[in-house]
Structure formats: C-alpha cells, structure tokens
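Here is the structure we will look at, set down as structure tokens.
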2 protein chains.
Amino acid sequence: MSTHVQPPSPATDFEAPHDLVKEIIYEIRRILQARELYTKELNKKYQVSAPQLNCVLALYEYGPLPPSQIARYIMVKSSTVTGIIDRLEQKGLVIRLRKSPDRRVITIELTEAGKRLADNAPPPIQQKIIDGLKSLPQGEIEEIVRGLTKLTHMLEVQDLEVA
Amino acid sequence: MSTHVQPPSPATDFEAPHDLVKEIIYEIRRILQARELYTKELNKKYQVSAPQLNCVLALYEYGPLPPSQIARYIMVKSSTVTGIIDRLEQKGLVIRLRKSPDRRVITIELTEAGKRLADNAPPPIQQKIIDGLKSLPQGEIEEIVRGLTKLTHMLEVQDLEVA
DNA sequence: GACAGAATATTTCAATTCAAATCTTCTTAC
DNA sequence: GTAAGAAGATTTGAATTGAAATATTCTGTC
C-alpha cells in the first residue's frame, strides 16, 4: 500500500467541478495540517510555537508594537494576541510596557533574549516554502500566488482588526 | 483609508521572491482565518461547527465508520475525532455502537437527526468555493489546483493516520 | 496456552482561536 | 465640566488540534 494519504475520492481527472472543489478543500486541509504539525514540532524543539515566533519576528522587523498592531501583522484577533504575549512574557522574550501617553495603549518590546531568538530564529514555516520555491520558475510562483488570491477573494475574508 | 487589510509590506509588484513568499503566507493566513470565522458563524447559526459538519457529511457519504476512518476522511488525528464525536453524540446527531466482532472497533452512525442535518445541510465552507468557481473558466480552476498542489508538496505533509 | 507487541480508542495536557463581555482610559458632544 | 460612547486590552468560555500516555483488545510467536 502506498504511504501516501489519498483524498476520499481520488481525483485522477478533473472534468466535474465538484471533484475540483474536493481537491481544493483537500489541499487546503493539507496546508492547515502541515502548519499544525509544524508548530508542534517547533514547540518541542525550541519551546516556541509558530504564532509565538511570528509575533517575535514581527516585533523584530517593525519594532515595539501594541497588541492591536501585532494582531494586524500576524493576522489574528487581538484577544488571541493577549495569550501569545502572556506566554512570551513568561519565557522572558518580551515585556509589556506603558510608554504611550495614551494609557490604554500597551507597548510590547523584545527583550535581549527575544532579540537573540529573532536573530538566529529557527526556520518558520516560511522556510519550507522559500526552499520549495527556489526550484520553481518565476512564472509558476506567480501562478501559485494568483491561484491563492482568487481563492481568498472567493472566501471573502471580512476585514480583521481594522477600524 | 481602505477597508481592506493590507499585508505588512504591501506587495504591489513581484520581482523579489521574498515578497512572493510573504504574499503566499499572507494568503494562506487569510484562508485559515476565513475558515476560522466561518466555523464560528456556523456554530452560532446552526449549533454545529465546521469540523462537526464535515464529520456528519463524511458519515452521510460513506456510511457508518469507526473514528480512525473518520480521522482519515476529515484529515485530523484520531484524538481530535474523539472530541468531535463526543459533541455530536451529546447533540444526538450520531451514536457510538459496537458492531464489529473486533471489540476494539467502535462504529459511529448517524441518527435520524443526523441524517436530517446532512440532508439539508447548512452550506459548508465548500459552498463559497463552489460559488466562486462557477464564474471561473475551467483553465483557471485547474491553475488554482496546480498551485495548491505545488504548495502542499513543498510543505511535505507527512502521512496522517495511515499505517 | 502465555506473553510480547500491535491496533483502536480514549484521556490528559497545552496552545491557538474567536466571540462576547468587561475594565480602563480617552474623546466628543452638549 | 459631564455624560455617552469609542478604543485598547483583557477575561471568560467553548471548540479544535495534536502529542503523549493509557486502557482495552487482538494477533502473533514460542
């Protein structure tokens, strides 16, 4: 038996649009699971999950940010960010500060440890994609982007934390 | 200001592969969030989440199944399935039975209520994709599938529940 | 037949995710 | 100036997710 998981109805040819939809759903679920398994692995090896790492990298790239901005950058709701910050703070990778004159605003800063982590960061899930893309001609890469963009337009993700 | 969320570095042109990667990551995150928001909405309107609905639909399509098979069809680990079945059972949509001579195996069956739900199922996330695909020519649909497939190959999702 | 190991399902644990509610602080309208 | 409402962050609660450990049952091998 093949070691490769088959979609419920193996889609070997593509006449019926319904099969195509199944194939698309299947591929999306695969991406999700790749992401899920990757974050578990990361957590085990480096004691940092993928969302946490994304958060650290965002702070490294854009400087200190309030949670609401982080939410935008890593594309989750801000109630999700609170928990991520909590865990990063416990590990001493970030600190919460009140720097803004507006005292509702909290500023998240990387600690030295946080910067060190960002510097020699374990490869985020992105790395696999970067490596994979290297072998592809530019045209195919653009094809992937076009396809994904069409998909997201279909799904019509409503706006996130934007006023 | 636009009501549309921008990726951190708006990717308006695509020379640098790194920007393409960011764009891809961004689109993937968008798909994830669409899925997340959709399942919450579903849960609120129909008291059934997307994974639960997927599970019901799998049972409707393939007949009674053990949890391990369901895990394969809906592409999650079997420890995840247990919780989903728990909640479906509480709602009276499925029942756990011991039908197999192998007494380790548990068979999950739809109840009448479960079948009714499957019959006039609320649109799964698929529906948005189906609707979206309708307006696209076949060639573009295949392009989307090709792009996604290339991506998943890059991510090299290891096998799931398969022996 | 007994015993080691495989297979199936579950439990336990921690992280993520979001909606909704809450708390604090600011801003605006009067 | 005060009151109403907005805005930022957090809390609470429920669902999903998978790894690891556990329990039960089966399947060999000796």
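Computed from heavy atoms alone, side chains included, the values below leave out hydrogens, waters and symmetry copies. Not measured: the values here are computed from a predicted model. Proteins get letters first, then strands, A, B, ... in listed order; numbering begins at 1 in each.
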Give a yes or no on whether A:Tyr62 and A:Ile84 share a hydrophobic cluster (residues Ile, Leu, Val, Met, Phe, Trp, Tyr; joining criterion: side-chain heavy atoms under 4.5 Å apart). yes
Send over the distance from B:Gln52 CD to D:dA14 P, rounded to a whole Å. 14 Å
Check which hydrophobic residues are tied to B:Val105 through side-chain heavy-atom contacts below 4.5 Å, counting indirect links as well, and list them. none
Are any of B:Thr82's side-chain N or O atoms less than 4.0 Å away from OP1 or OP2 of C:dA9? no
Sequence neighbours left out, what pairs pass salt bridge (Lys or Arg N to Asp or Glu O under 4.0 Å) with at least one residue falling in residues 42-57 of chain B? B:Glu41-B:Lys45
How long is the line joining CZ of B:Arg87 and C1' of D:dG13, in whole Å? 13 Å
Select from A:Lys44 and B:Lys40 the residue whose nearest nucleotide in DNA chain D is closer to the 5' end of that strand. B:Lys40
Specify the residue among A:Asp86 and A:Arg29 whose closest nucleotide of DNA chain D lies further upstream toward the 5′ end. A:Asp86
Residues of residues 94-102 of chain A with a heavy atom under 4.0 Å from any atom of DNA chain D, listed by number, are A:Arg96
Given atom CD of A:Glu36 and atom P of C:dA15, what is their separation to the nearest angstrom? 13 Å
Presence of A:Ser79 side-chain N/O under 4.0 Å of D:dT11 phosphate oxygens OP1/OP2: no
Can you list the residues that meet the salt bridge (charged side-chain N to carboxylate O under 4.0 Å, His left out) rule with B:Lys99, with sequence neighbours excluded? B:Glu109
What integer distance in Å separates B:Arg103:CZ from D:dT27:P? 13 Å
Can you tell me how far the OG1 atom of B:Thr80 sits from the CD1 atom of B:Ile70, to the nearest 0.5 Å? 12.5 Å
Distance in angstrom units between B:Asn54 CG and D:dT16 P, rounded: 10 Å
Roughly how many Å is it from CD1 in A:Ile85 to C1' in D:dG8, rounded to a whole number? 14 Å
State which residues pass salt bridge (charged side-chain N to carboxylate O under 4.0 Å, His left out) with B:Arg103; sequence neighbours excluded, sorted by chain then number. none
Would you mind telling me which of C:dT17, C:dA9, D:dT17 lies closest to the side-chain atoms of B:Val105? C:dA9
Within this structure, what is the CD1-CD1 distance for the pair A:Ile31 and B:Ile28, rounded to the nearest 0.5 Å? 5.0 Å
Is the phosphate of D:dT16, meaning OP1 or OP2, less than 4.0 Å from a side-chain N or O of A:Arg35? no
A:Ile108 CD1 to D:dG8 P, in whole Å, measures 14 Å
Any donor-acceptor pair under 3.5 Å joining the side chain of B:Arg104 to the base of C:dA7? yes
Distance in angstrom units between A:Met75 CE and C:dT16 C1', rounded: 16 Å
If you assign A:Ala50 and B:Thr107 each to the DNA chain C nucleotide with the nearest heavy atom, which residue ends up on the more 5' nucleotide? B:Thr107
Within the 4.0 Å heavy-atom criterion, would you say A:Leu32 contacts the bases, only the backbone, or no part of the nucleic acid? nothing
Using only side-chain N and O atoms of A:Gln33, determine if any of them is under 4.0 Å from OP1 or OP2 of D:dG18. yes
Closest to the side chain of A:Lys77, out of C:dC18, C:dA15, C:dT8, is C:dC18
Just to verify, what does B:Arg98 make a salt bridge (charged side-chain N to carboxylate O under 4.0 Å, His left out) with, not counting sequence neighbours? none
